[in-house]
Amino acid sequence: MAKDIENGPNHVAIIMDGNGRWAQMRGRPRLFGHHAGAKRVREIVESCPKFGVKYLTIFAFSTENWKRTQTEVAGLMKLFRRYIQREARDLLANGVRVRFIGDRVRLDDKLVDLMDELELLTAGNDRVHLTVAINYGGRDEVARATRRLAHDVAAGKLAPNDVNDETLPKYLDTCFLPDPDLVIRTSGEARISNFLLWQSAYAEYEFIDTLWPDFTPDVFSHVLLGFKSRERRFGGVKV
């Protein structure tokens with residue numbers, strides 16, 4: 001299968017949707033689905049080298065997700081802490097470099113400390129680059145980047161005439177990443193939900209009905225094979 005996906009996407013971004021519905025379909029609380037979804041993350045990360053995916057970015061918690069019940073939000077934050085603590089050694093051993101994007105100001109100090117520690121621990125890895133978006137929103141990211149850029153202009157570090165579409169990306173949370181080639185959203189919803197708005201300008205999108213806890217490596221490979229059949233012209237015309 002790995003050979004079949006040669007020349008596939010280098011950077012895949014995933015909106016992991018459907019955990020709550022998956023749990024409710026089984027008569028279980030929503031957090032049960034989130035725990036199942038966290039286990040699926042591990043399998044998908046482990047499959048990336050086989051499928052030729054160097055960069056994987058996952059949408060774990062959006063700036064809008066604070067609107068959910070206090071019980072669900074608290075449960076998710078606990079899950080994030082447990083995931084980092086439990087997976088750190090395996091991520092390191094498997095050559096995965098982990099980085100986080102999003103605004104950390106609203107996150108609790110314990111979680112932020114664990115995020116910082118995992119980033120430092122895996123900084124030397126290069127087999128797979130896993131980026132986790134927590135308290136992330138595309139509009140919020142662009143607003144924060146624009147403020148940083150404006151401060152540099154005001155401080156004389158950057159001339160106004162030097163601001164262009166190549167300047168702003170250097171201030172985004174994802175400044176260390178190539179733009180995604182493919183964005184996948186699970187659960188049947190056909191919207192991008194404020195995810196990687198700038199970066200996905202020329203990404204291919206795949207909206208699938210599969211709920212995230214059912215998104216197996218086999219489903220992943222099928223989507224990646226479909227990507228190969230697409231013709232990417234980036235606004236041009238194929239001659």
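Met16 contributes atom CE, which lies 4.0 Å from atom CD1 of Ile58 (distance to the nearest 0.5 angstrom). Atom CZ in Phe195 sits 6.0 Å away from atom OG1 in Thr57 (nearest 0.5 Å). Leu182 contributes atom CG, which lies 11.5 Å from atom CG of Asn10 (distance to the nearest 0.5 angstrom).
In this structure, Tyr83 has no ring-ring contact (aromatic ring centres under 6.0 Å, His included) partners at least two apart in sequence or on a different chain. For His129, the side-chain hydrogen bond (donor to acceptor under 3.5 Å, both in side chains) test picks out Arg99, Asp126, with sequence neighbours left out. In this structure, Thr146 has no side-chain hydrogen bond (donor to acceptor under 3.5 Å, both in side chains) partners at least two apart in sequence or on a different chain. Under the ring-ring contact (aromatic ring centres under 6.0 Å, His included) criterion, Tyr205 pairs with Phe207, not counting sequence neighbours. In this view, Asp173 and Arg144, Arg148 satisfy the salt bridge (charged side-chain N to carboxylate O under 4.0 Å, His left out) rule, not counting sequence neighbours. Under the rule for a ring-ring contact (aromatic ring centres under 6.0 Å, His included), the partners of Phe61 that lie at least two apart in sequence or sit in another chain are Trp66.
The environment of CG in Asp109 is sparse: at most 12 heavy-atom neighbours from other residues, nucleotides or ligands sit within 6.0 Å.
The pair Asp90-Arg86 does not meet the salt-bridge criterion, since no charged nitrogen lies less than 4.0 angstrom from a carboxylate oxygen.
If you check the side chains of Ser221 and Asp218, you find no donor sitting under 3.5 Å from an acceptor. With 3.5 Å as the limit, one finds no donor-acceptor pair spanning the side chains of Thr69 and Arg30.
Considering every non-hydrogen atom in both Asn194 and Glu64, the closest pair reads ND2-OE2, 3.5 Å.
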